[in-house]
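Just the heavy atoms: all of them, side chains too, but no hydrogens, waters or symmetry mates, feed the values below. Protein chains get the first letters and strands the later ones, always in sequence-line order, with residue 1 at the start of each. Everything numeric here is computed off the predicted structure, so don't read it as measured data.
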Amino acid sequence: MELKRALRLRALVASAAGLAVASSSLVAAVQVLAAIGTQWAWLAVATAGMLCVVAAWSFGELAGAFPTAGGVQVYMREAFGPTMALTVTLMYVLLAMAAGAAEAYIFGSVLANSFASVPILGHVPVVLWVTASLTFFLVVNIRGVEVAGRVQEVLTSTMVAAIVLTAAGALFLGHPVSAAAKPFSVVAFVRAVAYAVYLYIGFEWITPLAEEVQDRLDLPRAMPAAVGVLAVSYGLFTGAMGRVVPIASLLASPTPYLIVGETLAGKVGFWLLVGISALATFTSFNAGMMGYSRIVYAMAREGSLPRFLGKIHLRYFTPWSALSTMFAIELALSVAVVYTHAFTVPILLAAAIEALIYALAAAAVLKLRRTRPTLARPFRAPGGDLVIAAAGFLFALLALGTLWPPAPTAVPMLLAVGLALAFAYARYVSSWQQKTGARPPS
Amino acid sequence: MAPGDELKAALEEFAARANENTAVRKMLKEWTRNIHLDVADTGETFTLVVENGRVTAVLPAAQPPKDIALMAPADTLIGIFRGRLNPMAEFSAGRLKFVGSAKDEMRLDAVVDVIWK
């Protein structure tokens with residue numbers, strides 16, 4: 001007599017990869033190209049992928065030891081206490097809003113570009129497309145529309161196949177542009193790997209599903225598998241973009257992949273990439289907005305965030321207050337991006353936060369191995385402490401790499417302000433909860 | 001009182017409050033579910049039978065179908081159904097496990113909130 005909610009390996013891989021494939025990832029790939037050049041871009045994507053496999057092992061070990069829907073918040077609380085857990089969760093919410101703002105701006109630009117030659121619609125400014133996209137996702141989420149597991153598998157497979165097909169077309173059929181090969185430099189390579197971390201953001205968001213998996217080892221297997229799929233498809237696509245379109249042209253556009261599609265196959269290629277972009281935005285944005293609004297809701301209900309964020313829509317049973325607040329903040333950020341054209345700022349900010357969180361996950365694994373050696377661990381990250389420690393150190397280094405010039409100065413400033421506010425707020429809430437007698441975690 | 005008896009009493013009190021509360025009945029309109037409560041430390045299972053928005057039975061056994069499952073130690077379940085513990089805090093801390101749809105999770109949390117706020 002069991003609930004029919006047991007998730008299989010294939011569904012988990014599709015969810016993890018589907019969360020990471022986003023329109024803004026295709027734009028982040030251009031930043032990788034710009035940092036290191038076409039010749040070495042694939043290596044930067046692969047290196048970030050290898051590091052993310054080790055991060056996936058860390059999350060796999062933690063999810064096996066603490067198979068709860070609380071996910072990263074529980075891992076951080078168990079390893080470092082409530083203040084750090086709340087700080088990291090708040091940083092995750094900031095990451096979601098930064099990535100959401102970038103995604104909304106890029107998808108709004110895709111729509112503006114797509115309808116440019118249509119009467120009336122061709123005159124609609126990007127800011128209105130951005131507002132319309134965000135409003136669409138707000139309504140979809142408030143109504144509680146979820147992509148079923150089977151549909152997610154089909155959508156992810158379609159997106160990955162289309163990305164690989166486009167990349168193969170560019171590599172084998174596209175006319176290569178003549179460009180002088182960029183000389184290899186270690187600093188540029190580190191920066192390119194740091195930017196490439198953005199391509200994998202979201203693979204670990206399946207850890208809250210740990211209670212629902214069919215086999216306890218499926219989660220630690222699914223995340224590295226998803227990272228592998230992403231590494232191959234993004235690696236090919238990044239190299240292919242740089243092969244057929246000059247990097248300067250790609251950098252100048254908020255929708256560089258549409259240029260690639262059009263260069264390769266005219267209008268057919270253009271619309272194919274519009275389709276990929278729409279699917280990528282729908283799956284990642286919808287799941288991201290839904291997941292993060294529930295985290296904000298749960299934090300409000302347990303007293304870590306203001307109570308008004310814990311209100312539920314009494315018809316659709318969705319956290320409308322958390323959703324509306326996140327919508328308002330993302331809209332404000334997106335509008336700021338529209339008017340400043342600084343769409344790399346939220347992308348780099350999200351990459352920096354994610355690299356820091358991966359470093360902290362590695363530190364949590366190492367600390368728990370020392371402090372709770374007898375804890376049941378159905379999966380243990382291979383390679384011993386050294387591999388986890390090295391990956392954690394490298395992620396910390398990559399976080400710095402995203403902040404260093406030529407990254408816009410707004411990125412380190414926003415990260416510093418976000419971290420300081422999150423930590424100060426977490427300390428205040430933790431001490432308040434201790435004073436009011438909140439039950440300590442087990 | 002044994003933990004199982006105390007939990008049953010807490011569930012019956014909760015059921016009575018839910019059935020009396022017009023806001024809860026409106027929220028649960030046409031909602032029919034068997035909610036299983038698996039007590040982690042005693043191995044017992046209780047079932048809250050909800051039919052068209054009314055709790056019609058509190059059974060000290062597993063009554064199929066298993067639409068929703070809540071798993072926690074007895075003191076946690078008693079604390080939640082008596083309004084002493086915050087279900088979302090217990091859930092986030094990993095002391096309470098929920099298996100069921102996200103909408104049902106939200107609905108149950110909203111019911112507990114309305115009854116005990």
Inset, instruction - Could you walk me through whether B:Thr45 and B:Asp38 pass the side chain to side chain donor-acceptor pair (under 3.5 Å) test, one step at a time? - result: CA-CA 5 Å; B:Thr45 297; B:Asp38 297 326; 3.0 Å; yes
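In this structure, A:Tyr92 and A:Tyr292 have tilted ring planes: the angle between them lies in the 30° to 60° band.
Along residues 313-320 of chain A, the residues that come nearer than 4.5 angstrom to chain B, judged on non-hydrogen atoms, are A:Leu314, A:Tyr316, A:Phe317, A:Pro319 in order of number.
Residue B:Asp104 does not touch chain A at all, counting heavy-atom pairs closer than 4.5 Å.
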Would you tabulate the side-chain donor-acceptor contacts of residues 51-59 of chain B under 3.5 Å, counting partners in other chains and residues two or more places apart, or write 'none'?
unit_1, atom_1, unit_2, atom_2, d
B:Glu51, OE1, B:Thr56, OG1, 3.0
B:Thr56, OG1, B:Val49, O, 3.3

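Remark: B:Phe46 engages no residue in a ring-ring contact (aromatic ring centres under 6.0 Å, His included) (not counting sequence neighbours). Partners of A:Glu330 according to the salt bridge (charged side-chain N to carboxylate O under 4.0 Å, His left out) rule, which considers only residues two or more places apart in sequence or in another chain, do not exist here.
Using a 4.0 Å cut-off between a side-chain N of Lys or Arg and a carboxylate O of Asp or Glu, A:Arg307 and B:Asp113 qualify as a salt bridge.
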